[in-house]
Each structure stands twice: as structure tokens, then as C-alpha cells.
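Worksheet: one structure, shown below.
Computed from a predicted structure; not experimentally measured. Keep in mind that the numbers below use all heavy atoms, side chains included, and drop hydrogens, waters and symmetry copies.
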Amino acid sequence: MNQLASYAIVARLRAQWRSSLRHYDHFTLRRDLIAGLTVAFVALPQSIAYALIAGVPAQYGIYAFITGSIVAAAFGSSRHLQSGPTNASAIVIASTLAVYAAQENFLGVVFLLGFLAGSLQLAAGLLQLGNLTEFISKAVLTGFIAAAGLLIMTNQLPNLLGFSKQINMMALDGILNVVRHLDQINPAALAIGAGTILGALFIQEYCPKSRLGLPLLPPYLTALLAAAAVVWLFKLEGRGLRLVGEIPSSLPPLSLPVFDWKTMQALSSGALALGLIGLAESYSAAKSVAAFTGDKVDPDQELIGQGAAKIVTAFLSGMPVSGSITRTLLNYRAGALTRFANVFAGIFVALAGLLISPVMRYLPVAALAGILMLIATTMVNWREAKIAWHTTRGDRAALLTTFIGALVFPLDQAIFIGVGISIILFLRKVRKPRLTELVYDWHLGFKELDASQPHPLPEIAIVHISGDVFFGTAEFLENELLRIAHRPELRVLILRMRGAACLDATFVLSLMKVHEYMKAGGKLLLISGATSEAARVLERSGLEASIGRENIFFTDATLFKATRRAIDRAVEFLEQEGGNAAGSSRHPAAAQTTAPQSR
């Protein structure tokens, strides 16, 4: 990374914090405090629940939110992006670390995974690779999240039903595990779990709402506290009901990842998968709110913010964190005005963890499972899924393949399937740039050739290229241009390249073949609208010398001026070739005095 880019990032961070502090007043403080408290009410039960998904003790989810929320707010570009444990990231963590669950140093491996994923994100941000998000399509992300939601539900069913949990990284295995143990259902656990689900839904629907439209009582937290109260009142802990257990009343303690080379190598693919899904989650969350606020989201700075949050969290006893779409939208809806709202949310969760940790020891796992199943049902954006399904066959295939892949393979592998599909779809689209054959109309100027009408001057073809012309598109372009050049009546091919970009050696070689084919047949290839990029490539490759500089016409501020000059050259060639005065006289563009200037 160059020094200039480093200074630019630091300068942006300074400007953002100065802007936040310069205009900070009592009104802004009040709005941020309310938003932070609102997010904290949701984040506390979510952090405990997502720790359960990841397979770590509950306090490591709380520690992760406290640290991640504050650090990501300090270094990210979005003032509303809310970071901490998330559902999709938690299940990727579980999938990656399943083989380490029985090890004595398991938590050190968890912290190492977060450190590695954060380091990859931080490095990508410093190298300005934030546009990697463009390689994960919405269809792929929707399919992945839907499969993650289903996997969460199948993995939480044993907890809801009260029998011993077996970690399953594929949904089908989870369903089979439930079927095999149906005779072990614990009625008390099922009653507690179902009651928690119904209680949360009742509060969500019927509790009086604030002016923001949010229930005055936080549904998830209230339902969980009610479940803990039921366990305490009726002494249910002695009836085979599994409880969360003691949660230490402390701020995040220092921790140290297991820096073992072999373990780092084994975790590298999982860390990359976690970094990719975290990038997609965070950037989607930030952009979803920026669409309402008009804020500019910098993907490079978001990578830096998320990477820094993961790294710091790894040394403060937290599971890996990411940007949360649901909490980000909640933060915005609750009235947050600056990034301090996220700082306050972290502080409030820290205070809540200190104050209510004695109550949490009575929290039944079945109640948490019920809340997780509720969250899983809301993970899928059905509107986006419907649009992806109906828009194109490619989007439908991406959605379906990613969904099935995430059910058949562990999620840390499935995300690579999704990214691969996104890249394939991207390459399919760019491998066929648009080729348009143009003709000249006396009154309308240049227009697309109507295939149903005869060509007004078959001796000359004008082909306009728009799009990227590189190794992935070269064969297609070569075949199409040779097909046109093969026309018996054609004498001159004018290739208009004003809209062409990304020229490379493969394209130049293809163009050389077209030129050599035409030259061998006594035909002429002309290039018009050549940009400065095209001019450099043509000169350095030697193609300019082969075609002849007099046959290349560079772009001009006046639209189609270079193409008109190319037509003049084509008419001149036809006249020189066989005295084809008829050809020149019936081509209106040859008469510059009567041709329109541009359109």
C-alpha cells in the first residue's frame, strides 16, 4: 500500500470524527443515547444466542459485542453500521471450528480465527480491495443467508426439544439427528422454548409502540428474562433442563489467540470465508441505511473498520464480529445521528452484562433456541429472493445453487461456491460486449442497422463496440468481426472503438487476425473513435504500424467526427481500388458539407 493511500485513510477518519464532535449537542446526544439503548436491548440476547450458535460460552458473545461495536464505529465509514456477533458469521465460525470443539485450547483457536479473518480484511482494506463486494451477487448472498437460516433452525431443534445437541454442519444431518432422537424430547424444555417464542411474538405484536414504531418492551430480552424467571420460580433446573449457566460479571478480559503455524494453515480457508461473508454482511448493512440517509459508504474503509474490530476483539475475549443488517436498520430507525450511538450501545451492553449476569444463570437453553429460530425465520429477505428468482435464469441458478450448496457442504466451503458462481456470472456477461452495426441516414445521422432492410452501402460496414475487450471476449469478437468481413460484397470494415475498454494482448492478436484476413482479400480495416487507452495499446503492440496510422482515427469531442473521417477514407479507398465513383456518390456521409455535425 502506498503512503499516499495511508494518509488519505487517516485524513478521512479525522474528518469524520471532527464532523461528529463539531456539531455534537444535547439533542444529538439524546438521540444517540436512545438509539444505543434500543440497540443494546436487542443486542444482548442476540449476542448470547449467537455465541450458542458458534459453540462458545455466552459471555464471549457479550464481550464480542462490547468491543466490536466500539472499534468498528471508530474506524468504519458508516455512522450507522452496527457491528458485533451475527447469525451468518456465527454459523460459519461453528462450521470452521467444529473439529476443534473438544480441544483444550478451543477458545484460543476461536480467537485465532477472528484474528486471521480480521487481518485479511484489514490488509484488503489497506490495499483498497473493497470492490471485492462486486463479486458476490445479491442472488448468491440471498441463497447463502437462506441456507444459513435453515441450518440454524435444524441445529437449534435439539435444544428446543431438550435432548443432547450434536453439532451438524449440514441441514440434512440436523434433520436426521432430530428424527433419531424424537423419543428423548423433554416436555419442560419444549414448553419453555415454545412459550418463549409465543411470548416474544405477543410482545412484538401487541405491546404499545414508541413513536418510532418499536415495542416499548424489547421482545427478545423480555421473553428470555420471563423464561429465566419461570425456571427460578418453579425450580426447573433440577428437571433435566439445560441452562446457560454462570456468566462472569466482568468487562472483556485480555486473551491470546493460539499462534500455532499448523493451526493457522488449517484455519486459513475458514478465515477467508469468514472475511468474505463478513464483508458482504457489513457492506450490505451500511448501504441499506445509506440509501435512506444519502451517506457515502467507502468499502475500503469498512474493510479496515471490520478488520480492526475482529483483531481487537480477538485480544479481548470475543468471538469474531461482523456488521449486522438488522441491528444497523434498528440503529437508524431508533434515531441515531452519529457513530457515538454504537459506542453507547457497547457501553450499555457492558453495564447490562454486569447487572443481570446473576439472572442469566437461570436462562434455559431451550428459550435461547426459540429466539434463535425466530431470528432464523427473519434472515431471508423474501423480496430480494423473489426478484432474484424471477429476473434472469442466471440469478435463479445462482440463488438455487448457492442455497443447495450451503445445505450439502459446510458453510465455510459453501461461500466459495457462491463467490465462484458470482464470478462465472460476471464473466458470462462481460465475455460478450455489445456489437452494433451502424448505417448513415441523411436526416437522422448514424443509427443502428435494421436487419429487415437492405444495407444502403454493402461495400462499407460500420461496427460499434461497447464494453470490455480483453482475453475473455477476444474469441467472440474475432468470430463476429470475421463473419462480417467474410461478406462477399464488403470492401471496408470500420471498427468504432469509442466505447471499448480494457484492451489487452489477446484482443490485439484477434484484431491482427481480422486485419490480415481482410488485407489478404484486398479489403481494408479502419479503426475510428480510438481513445487514448486504445492508442497506447495499438502503438505498443505494433498493430498501428501494421494497419497504418492513416487508417486509425482518434476520438474527438464532436460525436462521430472520427467515424465520418473514417468514412471519407473508406470512400477514397473504394475510388482508388476500382474507380468506384458510384459507391462514393451514393454514400451521403462523403459530402461533409451536407452531413449533420453530431447528435
Note to self: Listing request: all side-chain hydrogen bond (donor to acceptor under 3.5 Å, both in side chains) pairs with a residue in residues 41-50, at least two apart in sequence or in separate chains.
What the structure shows: Gln46-Arg327
Next item on the list: Apply side-chain contact (heavy atoms from CB on, under 4.5 Å) to Thr263 and Tyr100, showing your working.
Entry: CA-CA 10 Å; Thr263 307; Tyr100 300 93; 4.3 Å; yes
Note to self: Show me the pairs that pass salt bridge (Lys or Arg N to Asp or Glu O under 4.0 Å) and involve residues 356-372, at least two apart or across chains.
What the structure shows: Glu246-Arg361
Checklist line | Thr328 versus Gln82, closest heavy-atom pair with distance | finding: OG1-N, 3.0 Å
Note to self: I want to check something: taking the side chain as every heavy atom from C-beta on, are Ser284 and Ile325 in contact at a cut-off of under 4.5 Å?
What the structure shows: yes
Checklist line | Spacing of Ile387 atom CD1 and Leu399 atom CG [to the nearest 0.5 Å] | finding: 12.0 Å
Margin query: Is the shortest side-chain heavy-atom distance between Arg79 and Val289 below 4.5 Å?
Written below: no
Checklist line | Whether Arg339 side chain and Ala73 backbone form a donor-acceptor pair below 3.5 Å | finding: yes
Check: Between Ile197, Leu221, Thr196, Ile48, which is the residue that forms a side chain to side chain contact (heavy atoms under 4.5 Å, CB included) with Ile371?
Finding: Thr196
Notebook entry, point to check: Nearest heavy-atom pair of Pro85 and Gly61: which atoms, and what distance?
Noted result: CG-O, 3.4 Å
Check: So, does Ser466 use its side chain to make a donor-acceptor pair with the main chain of Gly499 at under 3.5 Å?
Finding: no
Check: Just by modelled atom types, is the Ile91 backbone N or O under 3.5 Å from a matching donor or acceptor in the Ser95 side chain?
Finding: no
Next item on the list: Going by the side-chain hydrogen bond (donor to acceptor under 3.5 Å, both in side chains) test, name the single residue among Ser89, Ser83, Ser324 that passes it with Glu281.
Entry: Ser89
Next item on the list: Kindly give the heavy-atom pair with the smallest separation between Gly335 and Arg31, and that separation in Å.
Entry: O-NE, 2.9 Å
Next item on the list: Evaluate the criterion side-chain contact (heavy atoms from CB on, under 4.5 Å) for residue pair Leu33 and Phe348; output intermediate values, then yes/no.
Entry: CA-CA 9 Å; Leu33 282 171; Phe348 285 137; 3.9 Å; yes
Item checked: Smallest separation among heavy atoms of Thr222 and Pro218, with atom names -> OG1-O, 2.7 Å
Margin query: If you apply the rule side-chain contact (heavy atoms from CB on, under 4.5 Å), what do you find for Phe65 with Thr313, and how did you get there?
Written below: CA-CA 9 Å; Phe65 181 85; Thr313 300; over 6 Å; no
Note to self: One pair to check against side-chain contact (heavy atoms from CB on, under 4.5 Å): Ile192 and Val230. What are the steps and the verdict?
What the structure shows: CA-CA 8 Å; Ile192 287 285; Val230 169; 3.8 Å; yes
Note to self: Just so I know, are the side chains of Leu330 and Val42 near enough to count as touching, which here means a heavy-atom distance under 4.5 Å?
What the structure shows: yes
Checklist line | Set of ring pair (Phe, Tyr, Trp, His ring centres under 6.0 Å) partners for Tyr332, sequence neighbours left out | finding: His80, Phe292
Report, one line per pair, each donor and acceptor closer than 3.5 Å where one atom sits in a side chain of residues 116-123; sequence neighbours left out.
residue	atom	partner	partner atom	Å
Ser119	OG	Phe115	O	2.8
Gln121	OE1	Lys310	NZ	2.9
Gln121	NE2	Gly275	O	3.1

Checklist line | Ser282-Glu302 side chain donor-acceptor pair, cut-off 3.5 Å | finding: no
Item checked: Contacts of Phe27 that satisfy ring pair (Phe, Tyr, Trp, His ring centres under 6.0 Å) - sequence neighbours left out -> none
Check: Given side chains that start at C-beta, do those of Leu303 and Tyr283 come closer than 4.5 Å, heavy atoms only?
Finding: no
Note to self: The criterion is side-chain hydrogen bond (donor to acceptor under 3.5 Å, both in side chains); which residues satisfy it with Ser249, sequence neighbours excluded?
What the structure shows: Ser357
Check: side-chain hydrogen bond (donor to acceptor under 3.5 Å, both in side chains) between Thr392 and Asp395: does it pass, once the steps are laid out?
Finding: CA-CA 5 Å; Thr392 68; Asp395 287 321; 3.0 Å; yes
Margin query: Taking the side chain as everything from C-beta on, heavy atoms only, tell me whether Ile70 gets closer than 4.5 Å to Asn342.
Written below: no
Margin query: Enumerate the salt bridge (Lys or Arg N to Asp or Glu O under 4.0 Å) contacts for residues 84-93, please, sequence neighbours excluded, ordered by first and then second residue.
Written below: none
Next item on the list: Tell me, please, which residues at least two apart from Thr402 pass side-chain hydrogen bond (donor to acceptor under 3.5 Å, both in side chains).
Entry: none
Check: Is a side-chain N or O of Thr67 found less than 3.5 angstrom from the main chain of Ala64, in a donor-acceptor match?
Finding: no
Notebook entry, point to check: Quick check: does any side chain N or O of Thr401 sit under 3.5 Å from a backbone N or O of Ala398, one acting as donor and the other as acceptor?
Noted result: no
Next item on the list: Any pair with a residue in residues 35-55 that passes salt bridge (Lys or Arg N to Asp or Glu O under 4.0 Å), sequence neighbours left out, goes on the list, sorted by first then second residue, please.
Entry: none
Checklist line | Side-chain heavy-atom pair Ile93, Thr96 within 4.5 angstrom cut-off | finding: no
Checklist line | Heavy-atom closest contact (Val244 atom, Ala58 atom, distance) | finding: CG1-CB, 3.8 Å
Item checked: Close side-chain approach of Leu351 and Ile347, heavy atoms under 4.5 Å -> yes
Check: With no hydrogens and no angle check, is any side-chain donor or acceptor of Asn159 less than 3.5 Å from a backbone partner on Leu368?
Finding: no
Next item on the list: Using the test side-chain hydrogen bond (donor to acceptor under 3.5 Å, both in side chains), find all partners of Thr377 that sit at least two apart in sequence or belong to another chain.
Entry: none
Next item on the list: Look up atom CG in Leu225 and atom CG in Leu44, then write down how far apart they are to the nearest 0.5 Å.
Entry: 8.0 Å
Item checked: Qualifying residues under side-chain hydrogen bond (donor to acceptor under 3.5 Å, both in side chains), relative to Asp32, sequence neighbours excluded -> Tyr24, Thr338
Check: Got a second to check how far Lys287's NZ is from Asp295's CG, nearest 0.5 Å?
Finding: 13.5 Å
Notebook entry, point to check: Any idea which heavy atoms bring Pro219 and Pro215 closest together, and the distance?
Noted result: CG-CG, 4.0 Å
Item checked: Interatomic distance, Leu217 atom CG to Cys207 atom SG [nearest 0.5 angstrom] -> 4.0 Å
Margin query: Could you measure the distance from the CG atom of Leu201 to the OH atom of Tyr206? Nearest 0.5 Å is fine.
Written below: 10.0 Å
Checklist line | Distance, nearest 0.5 Å, that separates CD1 of Ile34 from CG of Leu37 | finding: 8.5 Å
Check: Taking the side chain as C-beta and beyond, is there a heavy-atom pair between Tyr220 and Ile375 under 4.5 Å?
Finding: yes
Notebook entry, point to check: With no hydrogens and no angle check, is any side-chain donor or acceptor of Asp300 less than 3.5 Å from a backbone partner on Leu129?
Noted result: yes
Notebook entry, point to check: Aromatic rings Tyr63 and Tyr60: how do their planes relate, parallel, tilted or perpendicular, breaks at 30° and 60°?
Noted result: perpendicular
Next item on the list: May I ask you to decide if Ala189's main-chain N or O and Arg242's side chain share a donor-acceptor pair within less than 3.5 Å?
Entry: no
Check: residues 106-113 side-chain donor-acceptor pairs under 3.5 Å, at least two apart:
none

